[in-house]
Novice: 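Structure incoming, see below.
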Amino acid sequence: EEFLQHAEVIKGMHSAASATYIGSTHDRAYIEFENYITFIRKAPVTYIYWTEIDSLPKDVSEKIKTGQAPWVPFDHKKYEELKHQNMNLGKTADLFAEPDPVDLSKP
């Protein structure tokens, strides 16, 4: 689904696009997707995508319904710290492992 493809951009590093999980209403989830490829236009273009929460995969919809962010942005600082730690220890690690869930219900 197009919504999920754009939502996956949230978790990675991209030079041509970015995405942000905006939030949800009681039945819809929203993301903001920004396209930086500007061959014709001079500024990035921003799109707002939404989908019915119940149409999402169960693991994603359950996170949304419990107030957790289903997609967590890539953390470049954490990546660099892990990379440095593992280089010093002579180890490799899954630097792109899923982070702990973020609870959006708490201020």
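Side chains are part of it too, since the values below use all heavy atoms of this structure and drop only hydrogens, waters and symmetry mates. Remember, it's a predicted structure, so these values are computed and weren't measured experimentally.
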Novice: Out of curiosity, Arg28 CZ to Ile64 CD1, how far, rounded to the nearest 0.5 Å?
Specialist: 13.5 Å
Novice: For residues 51-58, which side-chain N or O atoms pair as donor and acceptor with protein atoms under 3.5 Å away, sequence neighbours left out?
Specialist:
residue	atom	partner	partner atom	Å
Thr51	OG1	Glu1	OE2	3.2
Thr51	OG1	Ser55	OG	3.1
Asp54	OD1	Lys65	NZ	2.9
Ser55	OG	Glu52	O	2.7

Novice: Heavy atoms only: give me the nearest Phe33-Ala19 pair and the separation to one decimal.
Specialist: CD1-CB, 4.1 Å
Novice: Take the angle between the ring planes of His6 and Tyr49 and call it parallel below 30°, perpendicular above 60°, tilted in between.
Specialist: parallel
Novice: Hydrophobic clustering (ILVMFWY, side-chain heavy atoms < 4.5 Å, transitive) - are Val45 and Phe3 grouped together?
Specialist: yes
Novice: Mind checking what makes salt bridge (charged side-chain N to carboxylate O under 4.0 Å, His left out) contact with Glu8, not counting sequence neighbours?
Specialist: Lys11
Novice: Can you give me the closest heavy-atom contact between Ile31 and Tyr21, atom names plus distance?
Specialist: CG2-CA, 4.0 Å
Novice: Can you check side chain to side chain donor-acceptor pair (under 3.5 Å) on Ser18 and Tyr36, steps first, answer last?
Specialist: CA-CA 8 Å; Ser18 69; Tyr36 300 124; 2.8 Å; yes
Novice: Would you please test Trp50 and Ile22 for side chain to side chain contact (heavy atoms under 4.5 Å, CB included) and show each step?
Specialist: CA-CA 10 Å; Trp50 65 268; Ile22 298 172; over 6 Å; no
